Amino acid sequence: MTLTALPIFVKLAGRPVVLVGSGEAAEAKRRLLERAGAAIVGEEAEAALAIVATDDPEPIVARLRSRGMLVNTVDRPDLCDFTLPAIVERDPVLVAVGTGGVSAGLAAAIRQRLEAELPADLGETARALHAARPALRARFPDIADRRRAIGAALAEGLGGDVVGRIGAPEAARLLRFTLASADPDDLTLRQARALAQAERLYHFPGVPTAILDRARADAPRIACPAPPEAPGPGLSVWLEMRT
């Protein structure tokens, strides 16, 4: 599966961002930029990013792009070099939801669902994990062991007491799934959760890429004719299609 855009978080504190336009849409973007600490400037200023909120954006966008700026154009995804996502904030945790400019309403609906599901103290969890990094590195010198131990604790809940729940890293385990459908939306909750947590993904040749893409991006995909006898430490998943 090809990404339509690369999600990134850009630190804008004190940096200039061009904002062109007036009215409700421009003011909404101004408030967002101010929350990010950006220095909002006019069209003639030097900047790397620009936001345009006007009724006739084409000539403005052309001028800004000719100067090497990346441009976001309100309600015109065809004139956007980047889009602005819906945001769930649990400082310092930021969750961004984007649809590539296709549907702001859908992004907002997803954000509202995440607001209800993510704990209010998620930021405290992040700070607790950060403060515990030296101790966790000493306890688990191997980065893979450390990642597995933290992942197992977080699987039990995202509350701020996560550090106290971190135990020994998970032993080697292989989950085997025989899939009846090539549609990733037909994955069971258990299958989807296992793919999201697996250290590595073994699969029989022919398992659709759309299914494999539901696994963690950093989990290697290993095509092989049969489940491995020694899958490796932590959680591994074996996938095959039902014949």
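Nothing here was measured: the structure is a model prediction, and the numbers come from that model.
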Pairwise distance OG(Ser236) to CD1(Ile222) - rounded to 0.5 angstrom: 7.5 Å
Candidates Asp186, Asp183, Leu187 - the one meeting side chain to side chain contact (heavy atoms under 4.5 Å, CB included) with Ile211: Leu187
Contact summary for Pro208 and Ala182, nearest pair of heavy atoms: CG-CB, 3.5 Å
Shortest non-hydrogen contact between Ala50 and Met69, atoms and distance: CB-SD, 3.9 Å
Leu179 and Arg242: CA distance, side-chain angles, deciding distance, side-chain contact (heavy atoms from CB on, under 4.5 Å) verdict: CA-CA 6 Å; Leu179 306 177; Arg242 181 173 297 165; over 6 Å; no
Spacing of Glu117 atom CD and Leu158 atom CG [to the nearest 0.5 Å]: 11.0 Å
Flag side-chain contact, heavy atom, 4.5 Å: Leu32 against Ile87: yes
Shortest non-hydrogen contact from Ala25 toward Val74: CB-CG1, 4.0 Å
Linked, directly or transitively: Val17 and Ile8 (ILVMFWY side chains, under 4.5 Å): yes
Heavy-atom check, side chain of Pro227 versus side chain of Arg176, under 4.5 Å: yes
Same apolar cluster (I L V M F W Y, side chains within < 4.5 Å links), Val97/Leu106: yes
Validation row: Val207, Met241 side chains within 4.5 angstrom (heavy atoms): yes
Stepwise side-chain contact (heavy atoms from CB on, under 4.5 Å) check, Ile60 with Thr54: CA-CA 9 Å; Ile60 301 172; Thr54 65; 3.8 Å; yes
Minimum heavy-atom distance Val52-Pro57, with the two atoms named: CG1-CB, 3.9 Å
Ile40-Leu84 co-clustered via ILVMFWY side chain contacts under 4.5 Å: yes
Minimum heavy-atom distance between Pro77 and Gly101, given as atom pair plus value: CG-O, 3.7 Å
Lys/Arg-Asp/Glu bridge criterion (N-O < 4.0 Å) met for Arg165, Asp161: yes
pair Arg200-Pro233: side-chain heavy atoms closer than 4.5 Å: yes
Exercise: identify the closest heavy-atom pair between Val18 and Glu43: CG1-CA, 3.8 Å
Contact check, side chains of Gln197 and Arg216, non-hydrogen atoms, under 4.5 Å: no
Heavy-atom neighbours of Asp75 CG exceed 12 at 6.0 Å: no
Cluster link Leu12 to Leu6, ILVMFWY, side chain under 4.5 Å: yes
Flag if over 12 foreign heavy atoms under 6.0 Å of CZ, Arg113: no
Glu44 side chain near Arg63 side chain, heavy-atom distance below 4.5 Å: no
Residues Arg127 and Glu124 bridged, charged N to O under 4.0 Å: yes
Val237 side chain near Tyr202 side chain, heavy-atom distance below 4.5 Å: no
Rounded distance (nearest 0.5 Å) linking atom CG of Asn72 with atom CG of Leu79: 10.0 Å
Euclidean distance, Thr209 OG1 relative to His203 NE2, rounded to 0.5 Å: 8.0 Å
Thr125 side chain vs Gly159 backbone, donor-acceptor pair below 3.5 Å: yes
Nearest-0.5 Å distance, CZ of residue Phe177 to CG of residue Leu239: 7.5 Å
Arg214 CZ to Gln191 CD distance, which is reported to the nearest 0.5 Å: 11.5 Å
Contact check, side chains of Ile166 and Leu129, non-hydrogen atoms, under 4.5 Å: yes
Same apolar cluster: Leu201 and Leu235, side chain cutoff 4.5 Å: yes
Criterion side-chain contact (heavy atoms from CB on, under 4.5 Å) on Trp238 and Leu175, from CA distance to verdict: CA-CA 6 Å; Trp238 161 260; Leu175 294 181; over 6 Å; no
Crowding at CZ, Arg35 (>12 non-hydrogen neighbours, <6.0 Å): no
Arg146 (side chain) donor-acceptor with Phe140 (main chain) under 3.5 angstrom: yes
Salt bridge flag under 4.0 Å for residues Arg90 and Glu115: yes
Worked check of side-chain contact (heavy atoms from CB on, under 4.5 Å) between Glu199 and Arg147: CA-CA 10 Å; Glu199 295 281 340; Arg147 184 176 63 233; 2.9 Å; yes
